[in-house]
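Positions are given from 1 along the sequence.
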Amino acid sequence: MSNNPRRNGDGRLADNIAYFARALRNAGLPVGPGAVLDAIAAVEAGRIGTREDFYWTLHAVFVKRHEHSILFDQAFKIFWRRRALIEKLIAQMSPIAPGGKEEKKPQAGALRVAEALATPRQEKPDPVEKTEFSAHLTVSDREILKSKDFAQMSASEIAMAKRLITGMSLPDDEVATRRFLPDPRGRRIDLRRTFRRSLRGGGAVIDLAYRSPAVRHAPVVAIVDISGSMADYSRLFLHFLHAIAEKRRRVYSFVFATRLTNISRELASHDPDEALARAAKRVQDWEGGTRIAHALHDFNRHWSRRVLGQGAIVLLFTDGLEREVTRELTFEMDRLKRSCRRLIWLNPLLRFDAFEARASGIRTMLPHVDEFRPIHSLASMEELCRALSDKLTEQNNPRQWLRAS
């Protein structure tokens with residue numbers, strides 16, 4: 001066995017650390033050539049005993065900020081597991097090679113890391129393609145992606161969709177509050193400020209001051225179904241909520257499958273991957289069953305008075321396929337409708353042209369919503385953003401679905 005650790009592990013330890021650093025750099029970590037040399041020197045001086053020792057040695061060199069730990073963890077698991085080099089290194093550098101357990105389920109940053117690791121080591125020049133003039137080639141990739149169903153997107157298309165979602169913003173749907181603010185163009189006289197101005201001049205001249213109602217953005221409350229049937233759509237919709245939460249202060253997010261969970265604080269994180277990882281860690285029933293009535297009961301009882309003030313808009317994101325349709329569902333839907341200014345039901349099933357409101361859960365919920373909209377593509381998300389400041393149209397009137405069925 002060679003005594004030089006650089007040549008152990010199939011003789012390519014330094015090369016693989018360099019490839020690993022390149023993958024981290026592609027995933028977004030600031031890793032330079034100096035850090036690669038430091039990592040190789042640290043591995044040589046550390047005398048690796050276990051897989052965990054190797055992990056923390058590289059972690060100490062490559063990770064400089066707390067939010068980079070998640071990406072490093074996923075990159076380490078995928079890169080070194082695929083090549084199985086750590087066990088070979090330990091076997092050659094120590095007499096005992098203890099095995100380590102690896103988590104199979106990817107967490108935050110797994111998609112970004114997987115794309116970084118998929119980059120070829122040696123870049124080859126792109127083959128020269130012949131230019132062909134065709135009508136169908138004039139449509140941009142972005143326009144095709146906007147109309148594509150979330151469930152049919154590849155990993156690269158989902159990543160591009162997330163970047164497009166980040167650029168979305170809600171319209172300025174402002175509502176007047178009960179508070180008043182000084183306004184020289186207001187229609188109401190502010191008596192208190194008027195008296196104060198008059199006292200400054202001894203009361204000889206009365207200088208009228210005006211005020212107008214304070215205007216604020218209406219709160220947006222999202223109740224998202226994360227059951228198994230909604231998994232392909234709920235994750236991208238949570239990215240949409242994260243994007244608008246960064247631009248608006250009052251965005252409240254709740255998820256449910258068999259129980260209701262408030263993830264508003266988790267989605268407040270700046271990094272979207274970290275935000276969804278924190279939310280997934282807190283939620284215990286991800287991709288479980290569906291209990292819509294139970295979730296709405298918990299929301300109406302514990303959260304409605306806290307978040308549904310000042311003309312709140314509620315986005316109910318579910319397919320409406322309730323397991324047990326009882327009178328409780330009717331009562332809770334009616335209570336939710338009366339507590340908010342506008343209740344919009346977003347249903348991925350509307351992507352089908354032959355959709356009919358025949359399921360008992362859907363027929364029970366439809367009479368209590370203001371709008372019934374599809375939510376299966378980027379185009380439908382953009383339509384939702386524009387529609388939040390518009391009036392109800394007959395096309396999205398939920399009662400037409402009841403009449404049709």
Side-chain angles (χ1 to χ4, degrees), residues 149-151 158 161-162 165 168 170 219-245 248 251-264 266-267 272 275-276 279-280 283 285-300 303-304 307-308 312-323 329 332-333 336-337 339-340 342-352 355 357 359 361-362 364-366 368-385 387-388 396 398 401:
D149 195 303
F150 290 149
I158 290 177
K162 291 179 181 179
I165 288 174
M168 294 184 182
L170 291 179
V220 176
V221 181
I223 307 176
V224 183
D225 186 351
I226 56 171
S227 59
S229 60
M230 300 287 294
D232 293 335
Y233 303 93
S234 58
R235 293 185 181 274
L236 284 177
F237 187 71
L238 290 179
H239 273 275
F240 170 75
L241 295 177
H242 177 270
I244 64 176
R248 298 169 62 116
V251 177
Y252 306 98
S253 302
F254 299 83
V255 295
F256 73 93
T258 57
R259 68 187 72 176
L260 183 73
T261 307
N262 183 6
I263 59 170
S264 303
E266 283 71 19
L267 290 185
L276 263 68
V283 177
D285 56 340
W286 204 288
E287 297 187 13
T290 307
R291 299 176 63 189
I292 302 177
H294 179 73
L296 294 180
H297 173 75
D298 289 345
F299 177 83
N300 290 330
W303 296 101
S304 61
V307 300
L308 293 185
I313 300 175
V314 176
L315 305 178
L316 181 59
F317 184 90
T318 180
D319 53 10
L321 302 180
E322 173 71 310
R323 295 190 305 175
L329 180 60
E332 299 300 339
M333 284 295 300
L336 179 62
K337 173 62 179 67
S339 302
C340 64
R342 195 171 177 184
L343 177 56
I344 302 176
W345 183 2
L346 306 174
N347 193 333
L349 294 180
L350 288 180
R351 68 187 186 275
F352 300 114
F355 173 80
I362 296 178
T364 302
M365 298 169 62
L366 271 179
H368 306 283
V369 300
D370 296 316
E371 291 189 40
F372 193 39
R373 288 185 166 273
I375 189 71
H376 62 285
S377 63
L378 294 175
S380 61
M381 284 188 178
E382 292 180 348
E383 287 293 331
L384 172 63
C385 293
L388 287 177
N396 300 302
W401 297 98

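Between Ser380 and Arg373 the shortest side-chain heavy-atom distance does not fall below 4.5 Å. Residues Val255 and Leu238 form a side-chain contact, since some pair of their non-hydrogen atoms from C-beta on lies under 4.5 Å apart. The shortest distance between side-chain heavy atoms of Met381 and Ile375 falls below 4.5 Å. No side-chain heavy atom of Leu236 sits less than 4.5 Å from a side-chain heavy atom of Leu378. Within the 4.5 Å cutoff, side-chain heavy atoms of Val221 are placed close to those of Phe299. By the 4.5 Å heavy-atom criterion applied to side chains, Lys337 and Asp370 are counted as neighbours.
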Checklist entry - Can you check side chain to side chain contact (heavy atoms under 4.5 Å, CB included) on Leu276 and His239, steps first, answer last? => result CA-CA 8 Å; Leu276 263 68; His239 273 275; 3.4 Å; yes

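Under the side-chain contact (heavy atoms from CB on, under 4.5 Å) criterion, Asp285 pairs with Ile226, Ala257, Thr258, Arg259, Val283, sequence neighbours left out. For Glu322, the side-chain hydrogen bond (donor to acceptor under 3.5 Å, both in side chains) test picks out no residue, with sequence neighbours left out. For Thr290, the side-chain hydrogen bond (donor to acceptor under 3.5 Å, both in side chains) partners at least two apart in sequence or on another chain are Ser227. Annotation: salt bridge (Lys or Arg N to Asp or Glu O under 4.0 Å) contacts of Glu266 (sequence neighbours excluded): Arg282. Partners of Thr318 according to the side-chain hydrogen bond (donor to acceptor under 3.5 Å, both in side chains) rule, which considers only residues two or more places apart in sequence or in another chain, are Asp225. Residues satisfying the side-chain hydrogen bond (donor to acceptor under 3.5 Å, both in side chains) criterion with Ser264, sequence neighbours excluded, are Asn262. Partners of Phe256 according to the ring pair (Phe, Tyr, Trp, His ring centres under 6.0 Å) rule, which considers only residues two or more places apart in sequence or in another chain, do not exist here.
For the pair Asn347 (side chain) and Asp319 (backbone), a donor-acceptor distance under 3.5 Å is present.
Remark: Leu296 CG to Met365 CE distance equals 6.5 Å, nearest 0.5 Å. The CD1 atom of Ile223 sits 8.0 Å away from atom CG of Leu343, with the distance rounded to the nearest 0.5 Å. One distance of note links CZ of Phe237 with CG of Leu384; it measures 6.5 Å at 0.5 Å rounding. Separating the OG1 atom in Thr261 from the CD1 atom in Ile263 is a distance of 8.0 Å, to the nearest 0.5 Å. In this structure, CE in Met333 is found 9.5 Å from CG in Asn300, a value given to the nearest 0.5 Å. Interatomic distance, CZ of Arg342 versus CD1 of Ile313, reported as 6.0 Å (0.5 Å rounding).
Using the six-membered ring where Trp is involved, Trp345 and Phe372 have ring planes that are tilted, between 30° and 60° apart.
Counting all heavy atoms, side chain and backbone alike, Leu267 lies closest to Ala275 at CA-CB, 4.0 Å. The minimum heavy-atom distance linking Cys340 with Ala312 is given by the pair CB-O, 3.6 Å. The two atoms that bring Val307 and Pro219 nearest to each other are O-CB, 4.1 Å, heavy atoms only. Closest non-hydrogen pair, Pro348 versus Phe317, comes out as CG-CZ, 4.4 Å.
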